[in-house]
*Asks:* 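I'd like to ask some things about the structure below.
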Amino acid sequence: RDDTFERFEIMSMDTALPFISHGKGINVWDESGKRYIDASGGPATFCIGHANEEVNDAIKEQIDKIAFGYRAHFRSHASEDLAEMIRTKAGGSLNHVVYNSGGSEAVEGCLKLALQYHTAQGEMSRRRFISRERAWHGNTLGALSVSGFLARQEPYFGSLLEASLLSPVNTYRPPAGVAPENVAEYCANELEEEIQRVGAETVAAFIFEPVVGAAGGAVPAPESYAQRIRDICDRHGVLMIADEVMCGVGRCGTWRALEHDGVEPDIMSIAKGLGGGYVPLGASVYSDRVAEPIFRVHGAPITGHTFTGHTTACAAALAVQKIMERDQLVEKVATDGVYLRQKLEETLGQHPHVGDIRGRGFFQGIELVEDRETKEPFSPNLTMSKRTFDTGFANGLIVYPTPGNVDGRKGDQIIVAPPYNATREELDEIVALLAKTIDQTVESCAT
């Protein structure tokens, strides 16, 4: 297996990488003075861009008072005001929040909340999680266990939780023998069949990304899928967990990604767009239904870490969320997401090596293929997603590469996920640079 990209992505010290100098808005500069347009918002994180003065001022103001008041000793206005904003934006019965330090911890918190809920209900047999192949939920052992991302799991085989992994829900690459228009029904039925196979009394929760990110390349669930799995989970007493770490908090043009589908989960993980990358922060959000037995039996969620509810992190995130609300950035993403998609379609829609353009809002994926007609992917030995990233980086364009979407090895995608306040002129520049980059990458493989 060629895992060049995996090594590239996870190395903590890569001497080939330039040193970062500074950033402003959608742009960053390295120490040589080279400018890069951050078309992926880092890993779909920098939702209001870099060096926002209001956020920086909020961070400084909090640190000047106190950086962190430990949650077992004090409450803080920053954490409680942010929790109230999350409750308001999430809506429905999603009224409860456990803070953590990022997306993996947020997912881990969701899994633990599901288990604690069933324990409080006296259902100790419900320990199994069901997820999907080509899903990425995080790097902690629990989150890894429910992921369908072979290259990132292999080093830990033997120590992961046993989980059921179902087919990816992807209309461009449907399960064998399934027509694209039948993918939602087929994959929903697959969930019900797996619950029945292992026994509903053993299943704690089904976890999925409403729009698959790192493992799929911005793959949205087809219409009716989310409603069907909501119904299936309810009928079998299984909790629904929406992993919105990458696709949520406005990224897809609604604050919750599942708002688009008209569905409310029982538990939801959020992170990247919450604090915009200014200070690490995530949250596990859960419903009144889940909270009631937990508080009645245990008094509170039995999860959390030293830095849960970190005061400065919450102050930064609160400033980010206030800016998003004041400037109507979620609404802007809904509108300008249509513009971005149109520009991508106009520029790349007929490209001989672009098989699919998909996504929602400012979360768009471009699948690169060897043959557009047959959908045949490039050989994994070419590492096309990494090559495209490298070529773009040399051109001053940062995109997010995602390999292995087809079978864990084959398949190359690029994600475009700019800051929500990117201008249309900046979106035009992104698309033009991306088209140039893809052409150059394909040409490099032919020489």
Side-chain angles (χ1 to χ4, degrees), residues 44 86-95 106-107 110 114 130-132 134-137 146 166-172 174-175 178 180-192 195 205-213 215-236 238-273 284-287 289-290 330-331 333-335 337-338 341 356-365 415 417:
I86 292 170
R87 284 190 286 268
T88 300
K89 297 299 182 183
S93 66
L94 293 166
N95 290 315
V107 170
C110 291
I130 301 177
S131 182
R132 306 188 311 209
R134 301 313 303 163
W136 174 241
H137 296 294
V146 296
L166 309 179
S167 299
V169 184
N170 184 338
T171 57
Y172 180 68
V178 179
E181 63 270 20
N182 296 327
V183 166
E185 187 70 13
Y186 176 90
C187 291
N189 289 340
E190 196 177 43
L191 171 61
E192 183 142 39
I195 291 173
F206 173 65
I207 179 170
F208 74 112
E209 297 167 273
V211 181
V212 179
V219 183
E223 295 298 325
S224 81
Y225 174 75
Q227 291 94 332
R228 284 279 287 116
I229 63 169
R230 176 73 274 179
D231 175 64
I232 291 166
C233 287
D234 287 343
R235 285 191 285 105
H236 293 286
V238 173
L239 295 178
M240 174 195 278
I241 301 174
D243 179 0
E244 299 204 3
V245 166
M246 204 170 200
C247 63
V249 196
R251 174 60 60 190
C252 291
T254 52
W255 200 87
R256 286 192 303 108
L258 271 182
E259 286 179 55
H260 174 93
D261 304 277
V263 171
E264 180 183 303
D266 298 298
I267 310 174
M268 175 177 71
S269 56
I270 56 175
K272 294 177 185 291
S284 307
V285 185
Y286 57 110
S287 67
R289 170 195 172 192
V290 173
V330 177
E331 294 83 355
V333 168
T335 301
V338 174
R341 178 62 162 272
D356 192 29
I357 301 173
R358 57 187 176 237
R360 294 179 189 164
F362 275 14
F363 199 41
Q364 298 291 325
I415 293 176

*Asks:* CD1 of Ile232 to CD of Glu190: how many Å apart, nearest 0.5 Å?
*Replies:* 10.5 Å
*Asks:* Side chain of Arg132, backbone of Phe208: donor and acceptor closer than 3.5 Å?
*Replies:* no
*Asks:* Nearest 0.5 Å, please: how far is OG in Ser269 from CD in Glu244?
*Replies:* 7.5 Å
*Asks:* Is any side-chain heavy atom of Val183 less than 4.5 Å from a side-chain heavy atom of Asn170?
*Replies:* no
*Asks:* Minimum heavy-atom separation for Ser167 to Pro175, with atom names?
*Replies:* CB-CG, 4.1 Å
*Asks:* Are any side-chain N or O atoms of Gln364 and backbone N or O atoms of Ala218, one a donor and one an acceptor, separated by less than 3.5 Å?
*Replies:* no
*Asks:* Taking all atoms of both residues into account, what is the closest heavy-atom pair of Leu191 and Cys233, and its distance?
*Replies:* CD2-SG, 4.4 Å
*Asks:* Kindly say whether Val263 contributes a backbone atom to a donor-acceptor pair with the side chain of Arg256 at under 3.5 angstrom?
*Replies:* yes
*Asks:* Looking at CZ of Arg358 and CZ of Phe363, how far apart are the two atoms once the value is rounded to the nearest 0.5 Å?
*Replies:* 10.5 Å
*Asks:* Return the CG to OG distance between Leu239 and Ser287, rounded to the nearest 0.5 Å.
*Replies:* 7.5 Å
*Asks:* If you define the side chain from C-beta out and look only at heavy atoms, does anything of Trp255 sit under 4.5 Å from Ile86?
*Replies:* yes
*Asks:* Does a side-chain heavy-atom distance below 4.5 Å link Met268 with Leu258?
*Replies:* no
*Asks:* How many angstroms lie between atom OH of Tyr172 and atom CD1 of Ile357, to the nearest 0.5 angstrom?
*Replies:* 10.5 Å
*Asks:* Looking at side-chain heavy atoms only, is the closest gap between Glu223 and His260 below 4.5 Å?
*Replies:* yes
*Asks:* With distance as the sole test, does Arg134 use its side chain to make a donor-acceptor pair with the main-chain N or O of Ala215 at under 3.5 Å?
*Replies:* yes
*Asks:* Has Arg360 got a side-chain atom pairing as donor or acceptor with Gly337's backbone, closer than 3.5 angstrom?
*Replies:* no
*Asks:* Does a side-chain N-to-carboxylate-O contact under 4.0 Å join Glu192 and Arg235?
*Replies:* yes
*Asks:* Donor-acceptor pair, Arg251 side chain versus Val245 backbone, under 3.5 Å?
*Replies:* no
*Asks:* Taking the side chain as every heavy atom from C-beta outward, state whether Glu264 and Ser93 have any pair of such atoms under 4.5 Å apart.
*Replies:* yes
*Asks:* Check Ser284 against Ala106 and note the closest heavy-atom contact, atom names and distance.
*Replies:* OG-O, 2.7 Å
*Asks:* In Å and rounded to the nearest 0.5 Å, what is the CG to OG1 distance from Asp356 to Thr171?
*Replies:* 7.0 Å
*Asks:* Where do Tyr225 and Ala188 come nearest, in terms of heavy atoms and distance?
*Replies:* CE1-N, 3.9 Å
*Asks:* Could you tell me whether the side chain of Ile267 reaches within less than 4.5 Å of the side chain of Arg289, counting heavy atoms only?
*Replies:* no
*Asks:* What heavy-atom pair brings Gly253 and Val333 nearest, and what distance separates the two atoms?
*Replies:* N-CG1, 3.6 Å
*Asks:* Considering all heavy atoms of both residues, which atom of Ala135 and which atom of Glu209 are nearest to each other, and what is their separation?
*Replies:* CA-OE1, 3.6 Å
*Asks:* Is there a side-chain contact between Lys89 and Val249, using heavy atoms and a 4.5 Å cut-off?
*Replies:* no
*Asks:* List in chain and number order the residues that pass side-chain hydrogen bond (donor to acceptor under 3.5 Å, both in side chains) with Asn189, two or more places apart in sequence or in another chain; answer none if no residue qualifies.
*Replies:* Arg228
*Asks:* Only one of Asp243, Val285, Leu94 passes side chain to side chain contact (heavy atoms under 4.5 Å, CB included) with Pro265; say which it is.
*Replies:* Leu94
*Asks:* Is the side chain of Asp266 donor-acceptor paired with the backbone N or O of Met240 at a distance under 3.5 Å, no angle test?
*Replies:* yes
*Asks:* Is there a side-chain contact between Ile207 and Val107, using heavy atoms and a 4.5 Å cut-off?
*Replies:* yes
